[in-house]
Each structure stands twice: as structure tokens, then as C-alpha cells.
Amino acid sequence: MTDHADPLLTAFAAVLRRHRRAAGFTQEGLAHEVGLSPRYISLLETCRHQPTLGTMADIADVLGLPLAQMIAEAEAEVEGERLSSDASGRAATN
């Protein structure tokens, strides 16, 4: 993943990968079901492309998830990283 990727985009990529694998899809299989190329799924999972809302909704639908759940999980992951960074910063200065 790129060093300068938006934290929410990075988290969404991780959520996408986790749910794709949990659903038993390869990148190619998910791409086929959604009507995208496997390369595009790879670009999403490596934060090299930012999906549209429609694409995110289509992916969530194929994975059998509400898009809101995927977004909420990504937001929670970002918040967890922020909390972890805050805690480690405080621990280092104490």
C-alpha cells in the first residue's frame, strides 16, 4: 500500500480483503460476480484506486453485506489506529 494513502481508504481496503476472503472469493471470483476486472479489485485492495460509491455498494451486495457495515468497520479500524497511536504516544512521554 502507498505510504500516503488516506487512512479511511486504507482501512476500507483491509475490510474489503477480509470480507472477500471470509466469503471464499478470490480477487478474480469477486471481480467476476461484481462485473469488474480482477486487476481493479487488486487496485482497490492495495489502495491504488479509490472506488465510487456505486462500486462499493455492488461489492458489498455480492459479499452479502450492507455497505454501511463495511464503511462502519473501516471507520472503526481508523479510529482504533488513532487510539493506538495516541496511547503509544502518551506511554512514550510518560
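Below, each value reflects all heavy atoms present in this structure, side chains not excepted, and no hydrogens, waters or symmetry copies. Residue indices begin at 1 and follow the sequence shown.
For the atom pair CZ (Arg17) and OG (Ser42), the distance works out to 9.0 Å, reported to the nearest 0.5 Å. Rounding to the nearest 0.5 Å gives a distance of 10.0 Å between NE2 of His49 and CG of Leu36. Put simply, CD on Gln50 and CG on Leu43 are 13.0 Å apart, with the number rounded to the nearest 0.5 Å.
Under the 4.5 Å side-chain heavy-atom criterion for Ile, Leu, Val, Met, Phe, Trp and Tyr, Met70 and Val78 are members of distinct hydrophobic clusters. Ile71 and Val34 end up in the same hydrophobic cluster when Ile, Leu, Val, Met, Phe, Trp and Tyr side chains are linked at under 4.5 Å. Hydrophobic clustering, with ILVMFWY side chains joined whenever heavy atoms are under 4.5 angstrom apart, keeps Leu9 apart from Leu44. With hydrophobic clusters built from ILVMFWY side chains whose heavy atoms lie under 4.5 angstrom apart, Ile41 shares a cluster with Leu65. Tracing side-chain contacts under 4.5 Å through hydrophobic residues (I, L, V, M, F, W, Y), one reaches Leu53 starting from Leu30; they form part of the same cluster.
Listed here is the closest heavy atom pair of Pro38 and Ala31: N-CB, 3.5 Å. What you find for Ala74 and Ala11 is that their closest heavy atoms are O-CB, 3.4 Å. The shortest heavy-atom contact between Cys47 and Thr10 is SG-CA, 3.4 Å.
A heavy-atom distance below 4.5 Å is not found between the side chains of Arg39 and Gln27. Side-chain contact between Leu67 and Asp61: absent, with no pair of heavy atoms (C-beta onward) separated by less than 4.5 Å. When side chains are defined from C-beta on, Met56 counts as touching Phe12, because their heavy atoms get closer than 4.5 Å. The closest side-chain heavy-atom distance from Ile59 to Arg20 is not below 4.5 Å. In this structure the side chain of Thr55 reaches within 4.5 angstrom of the side chain of Tyr40, judged on heavy atoms.
Few gaps surround CD on Gln69; more than 12 heavy atoms of other groups in view lie less than 6.0 Å from it.
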*asked:* Please determine whether salt bridge (Lys or Arg N to Asp or Glu O under 4.0 Å) holds for the pair Glu77 and Arg18, giving the CA-CA distance in whole Å, both sets of side-chain angles, and the decisive distance to 0.1 Å.
replied: CA-CA 12 Å; Glu77 196 165 304; Arg18 183 172 57 246; 3.5 Å; yes
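Inspection of the Arg48 and Thr46 side chains reveals an N or O donor paired with an N or O acceptor under 3.5 Å.
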